[in-house]
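Here is the structure we will look at, set down as structure tokens.
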Amino acid sequence: MSTDASSTYADLSLTVSEAGAGRPVLVLHGGGGPATVTGLAQHLSRTAHTITPVHPGWDGAPRPAWLTGIGDLARVYLHILRERGLRDVLVVGSSLGGWIAADMAAHDSAGTITGLVLIDAVGVQVDAEPIADIFALDARGLAELSWHDSDRYYLDPADIASDELARRQANMATVRVLAGDPYMHDPELLPRLGRIQVPTLLLWGESDRIVTPAYGAAYAEAFADGRLEIVPEAGHLPHIEQPDATCALIDAHLDRTLGGRR
């Protein structure tokens, strides 16, 4: 684990985990925090140089007052990739992290990013498939919409240690700041996706009811080179419920897009 102090943002330091060697892969977590992508980053580090930041405002990480939207965070990560001189970057984002990844690619005028993987991403509005209001759900309701096997993954808040519960509540408060209004989307993002030329894989749990597979299909169709793959017996976090199937699809996309190849 290292601390990355960006020279572009004097008041922002990021906690970043790095592992492995090879093509750079930026792994972006969703609202549940960095622990939700730990296993995925470990897998990718076997064949790539994984860079996994903790987003400002999550897990106690400081968030500058000016960082109030997903677009701000996307620009931060683009600047850092460029400052490091990284090229041929694959960006993998889960849920909110997928939104960050799409926004990064939409603003990547330097061609730093050569591939995207969006896992049950939010970020666009699909009128026929509204995003579930996670702020209105209790823990049981959120589990029911998030997991294929909700009984396995549901945790009763009464059984969670107070410090862990406080961490989760603080993370959710940050989600509300960055993505609460407009709720979980950028109205300007969907029309821009068609200008993104890099191969984009959208992975979707077949049982996700936070953002449905139909939402994912509309998202994929908006990209110039988007492809949707459904992961059976998985919900909003298929890399946790079905890691082997999910990682196999990502590995194939990693190879397919290496060096900008299609």
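Residue indices begin at 1 and follow the sequence shown. Note that this is a predicted model, so its numbers are computed, not measured.
Between Trp204 and Leu118 the shortest heavy-atom distance is CZ3-O, 4.5 Å. Nearest approach of Leu189 to Ala106, heavy atoms of both residues: CD1-CB, 4.4 Å. Annotation for Leu96 and Gly31: closest pair CB-N, 4.0 Å, computed over non-hydrogen atoms. Here the closest non-hydrogen pair linking Trp99 and Val122 is CB-O, 3.3 Å. Heavy atoms only, all atoms of each residue included: Ile196 and Ala224 are closest at O-CB, 3.2 Å. Between Thr68 and Asp72 the shortest heavy-atom distance is N-OD2, 3.0 Å.
Side-chain contact, Thr246 with His239: no donor N or O sits under 3.5 Å from an acceptor N or O. Side-chain contact of Arg84 with Thr112: a donor-acceptor pair under 3.5 Å is absent, judged by distance alone.
The salt bridge (charged side-chain N to carboxylate O under 4.0 Å, His left out) check on Arg82 picks up Asp108, with sequence neighbours excluded. Partners of Arg168 according to the salt bridge (charged side-chain N to carboxylate O under 4.0 Å, His left out) rule, which considers only residues two or more places apart in sequence or in another chain, are Glu164. Partners of Asp59 according to the salt bridge (charged side-chain N to carboxylate O under 4.0 Å, His left out) rule, which considers only residues two or more places apart in sequence or in another chain, are Arg167. The side chain to side chain donor-acceptor pair (under 3.5 Å) check on Glu229 picks up Arg227, with sequence neighbours excluded. For Arg192, the salt bridge (charged side-chain N to carboxylate O under 4.0 Å, His left out) partners at least two apart in sequence or on another chain are Asp103, Asp186, Glu188.
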Donor-acceptor list for residues 49-57 side chains, cut-off 3.5 Å, not counting sequence neighbours:
unit_1: His49; atom_1: NE2; unit_2: Glu18; atom_2: OE1; d: 2.7
unit_1: Thr50; atom_1: OG1; unit_2: Ala19; atom_2: O; d: 3.2
unit_1: His55; atom_1: ND1; unit_2: Tyr77; atom_2: OH; d: 2.7
unit_1: His55; atom_1: NE2; unit_2: His29; atom_2: O; d: 2.8

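Expressed to the nearest 0.5 Å, how far OH of Tyr183 lies from CD1 of Ile131 amounts to 6.5 Å. One distance of note links CD1 of Ile210 with CG of Leu145; it measures 4.5 Å at 0.5 Å rounding.
In this structure, Gln125 contributes its side chain and His185 its backbone to no donor-acceptor pair below 3.5 Å. Side-chain atoms of Ser94 do not come within 3.5 Å of backbone N or O of Val92 as any donor-acceptor pair. The closest donor-acceptor contact from the side chain of Tyr215 to the backbone of Asp120 lies at 3.5 Å or more, if one exists at all. Side chain of His253 to main chain of Leu202: no donor-acceptor pair is present (N/O by atom type, distance under 3.5 Å, no hydrogens or angles).
Residues Leu137 and Glu144 are not in side-chain contact: their nearest non-hydrogen atoms beyond the backbone lie 4.5 Å or more apart. Looking at heavy atoms from C-beta onward, Glu129 lies out of side-chain contact with Val211 at the 4.5 angstrom threshold. Leu201 has its side chain out of reach of Arg256: every pair of non-hydrogen atoms, C-beta onward, lies at least 4.5 Å apart. Contact annotation: the side chain of Leu67 never approaches that of Val177 to less than 4.5 Å [non-hydrogen atoms, C-beta and beyond]. For the pair Leu116 and Phe223, the minimum side-chain heavy-atom distance is below 4.5 Å. Within the 4.5 Å cutoff, side-chain heavy atoms of Leu28 are placed close to those of Val91. By the 4.5 Å heavy-atom criterion applied to side chains, Leu40 and Cys247 are counted as neighbours. Two residues are said to be in side-chain contact when any heavy atoms from C-beta on lie closer than 4.5 Å; Pro232 and Gln242 fail this criterion.
Side-chain heavy atoms closer than 4.5 Å link hydrophobic residues (I, L, V, M, F, W, Y) into clusters, and following such links, even through other members, never connects Leu254 to Leu26. Under a hydrophobic clustering in which Ile, Leu, Val, Met, Phe, Trp and Tyr are joined whenever their side-chain heavy atoms come within less than 4.5 Å, directly or via other members, Tyr219 and Met184 fall into the same cluster. Hydrophobic clustering of Ile, Leu, Val, Met, Phe, Trp and Tyr side chains at less than 4.5 Å, counting indirect connections, keeps Tyr153 apart from Leu155. Two different hydrophobic clusters hold Ile250 and Ile100 under the rule that ILVMFWY side chains link at heavy-atom gaps under 4.5 Å. Note: the hydrophobic cluster containing Phe135 also contains Leu142 (ILVMFWY, side chain heavy atoms under 4.5 Å, direct or indirect links).
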(request) Apply side-chain contact (heavy atoms from CB on, under 4.5 Å) to the pair Thr257 and Val198, showing each step before the final yes or no. (result) CA-CA 8 Å; Thr257 61; Val198 302; over 6 Å; no
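With respect to His236, the side-chain hydrogen bond (donor to acceptor under 3.5 Å, both in side chains) criterion is satisfied by exactly one of Ser207, Ser95, Ser146: Ser95.
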